[in-house]
Amino acid sequence: MLDVDGTEKAFEVLKEASCSLENVQDKSTESYKLSKGLLLYSVGDTYWCKRDYRKALENLQSSLQLTEELLKGQTELARCYNAIGNCHWSLKKHDKALEFYSKAYNTQEELASSEYHLDMPMYKNQIGTVYEAQKDYEKAVKCYRDALTLLEELKLSGFHDEAHFCRNLANALMFQKKYSEAVEPADRGYKIRLKVLGNHPLTVRSIFQRAVIQANFGEFEKALKLFLEAWEMEKSLGAGNHSEVW
């Protein structure tokens with residue numbers, strides 16, 4: 001996600017691009033519509049980074065109106081659906097989020113004629129997050145497991161996405177009180193984050209998750225040790241760089 005300075009610089013560049021597009025005489029051509037659609041997508045993405053989800057959604061929807069027919073058969077269309085899904089998710093419109101996440105998944109699956117595309121694990125994970133929000137934990141668990149399987153088959157394991165999916169899987173299992181099953185994905189996610197990120201807010205969250213699992217086992221000494229470990233790592237982070245469990 002862009003920082004404040006990065007976001008402002010991005011808006012400056014996009015404003016210049018918009019001014020250039022306004023000088024185009026014939027605005028009915030496919031090339032103009034595609035360029036305008038790409039610009040609106042980039043503006044929407046920048047508002048997303050700024051956490052202004054309503055403006056992000058407005059620009060992404062305008063982008064889709066211009067380019068949906070023109071981008072059929074291209075990965076960029078699936079990514080636009082996914083970005084719109086992200087906006088609905090952040091605005092707590094879970095049914096709409098599921099609609100667009102599913103569109104992204106189905107569109108990319110049709111384009112690739114299979115599930116084997118680098119975007120598909122994330123799409124599957126995001127569908128899982130909606131099911132989890134709707135308290136349909138069985139479907140959420142299946143989606144997270146499918147996302148992890150796809151990562152492995154695509155040889156994309158060992159990085160941030162795997163840790164993220166593992167944490168989500170462990171959470172969904174914990175909601176079902178399946179704490180024993182949650183141990184492995186929680187530990188795996190933590191190890192990846194520690195290796196890739198080191199001391200980081202996301203690593204803290206993984207330590208915290210492991211502590212909660214131990215507490216639910218009644219292993220209070222182990223839980224306390226992990227909570228203290230999370231606290232010490234949290235204190236090592238700079239101001240404004242703390243985790244959600246801080």
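Computation of the quantities below employed the complete heavy-atom set of this structure, encompassing side-chain atoms and omitting hydrogens, waters and symmetry-equivalent molecules.
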Distance-only criterion, 3.5 Å: show the donor-acceptor pairs between side-chain atoms of residues 55-63 and protein atoms not counting sequence neighbours.
| from | atom 1 | to | atom 2 | distance (Å) |
| --- | --- | --- | --- | --- |
| N59 | ND2 | K55 | O | 2.9 |
| S62 | OG | E58 | O | 3.0 |
| S63 | OG | G37 | O | 2.7 |

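Cluster partners of L224, by chain and number: L228. The rule joins Ile, Leu, Val, Met, Phe, Trp and Tyr whenever side-chain heavy atoms lie under 4.5 Å apart. Clustering of Ile, Leu, Val, Met, Phe, Trp and Tyr by side-chain heavy atoms under 4.5 Å joins F208 with M174, Y179, V183, Y190, L194, V204, I207, V212, I213, F217, L226, F227, M233, L237, V245. Other residues sharing the hydrophobic cluster of L111, ordered by chain and number and joined by side-chain separations under 4.5 Å: none, the residue standing alone.
Taking CZ of F165 as the reference point, atom OG of S157 lies at 10.0 Å (rounded to 0.5 Å). Within the model, atoms NZ of K103 and CG of L64 stand 7.0 Å from one another, a figure rounded to the nearest 0.5 Å. Between Q209 atom CD and D187 atom CG the span is 9.0 Å, to the nearest 0.5 Å. From T46, atom OG1 reaches atom NZ of K9 across 14.0 Å, with rounding to the nearest 0.5 Å. S90 contributes atom OG, which lies 3.0 Å from atom CH2 of W48 (distance to the nearest 0.5 angstrom). Separating the CG atom in L202 from the NE2 atom in H160 is a distance of 6.0 Å, to the nearest 0.5 Å.
Between the side chain of K195 and the backbone N or O of F159, no donor-acceptor pair lies under 3.5 Å.
Applying the side chain to side chain donor-acceptor pair (under 3.5 Å) criterion to R167, with sequence neighbours excluded, gives no partner residue. Shown here are the side chain to side chain donor-acceptor pair (under 3.5 Å) partners of R54, two or more places apart in sequence or in another chain: there are none. Here K142 pairs with D146 under the side-chain contact (heavy atoms from CB on, under 4.5 Å) rule; sequence neighbours left out. For E153, the side-chain contact (heavy atoms from CB on, under 4.5 Å) partners at least two apart in sequence or on another chain are Y116, T149, L150. Among residues two or more places apart in sequence or in another chain, the side chain to side chain donor-acceptor pair (under 3.5 Å) test is passed with Q176 by E138. Taking the side chain to side chain donor-acceptor pair (under 3.5 Å) definition, one finds that E99 meets it with K96, sequence neighbours left out.
Considering every non-hydrogen atom in both Y131 and L98, the closest pair reads CE2-CD2, 4.2 Å. Of all heavy-atom pairs spanning Y105 and I127, the tightest one is CB-CD1, 4.0 Å. Looking at every heavy atom in both residues, K124 comes nearest to C143 through CG-O, 3.2 Å. Among all heavy-atom pairs drawn from V196 and G158, the shortest one is CG2-O, 3.8 Å. Of all heavy-atom pairs spanning N125 and A147, the tightest one is N-CB, 4.0 Å. Nearest heavy-atom pair across A223 and A211 is CB-O, 3.5 Å.
Side-chain atoms of Y123 and E115 form no donor-acceptor pair, as typed in the model, at a separation below 3.5 Å. For the residue pair Y101 and N86, a side-chain donor N or O sits within less than 3.5 Å of a side-chain acceptor on the partner.
Using a 4.5 Å heavy-atom threshold, the side chains of L77 and T67 count as separate. The closest side-chain heavy-atom distance from D161 to L151 is below 4.5 Å.
Evaluation of the side-chain hydrogen bond (donor to acceptor under 3.5 Å, both in side chains) test over residues 31-43, restricted to residues two or more places apart or in two chains, returns T29-S31. Residue pairs satisfying the salt bridge (Lys or Arg N to Asp or Glu O under 4.0 Å) criterion with at least one member in residues 234-246, sequence neighbours excluded, are listed as follows: R205-E244, E232-K235.
Tested against Y81 for a side-chain hydrogen bond (donor to acceptor under 3.5 Å, both in side chains), the candidates Q108, E76, E68 yield a single pass: E68.
Ring orientation note: the planes of W231 and W246 are close to parallel, at an angle under 30° on the 30°/60° scale.
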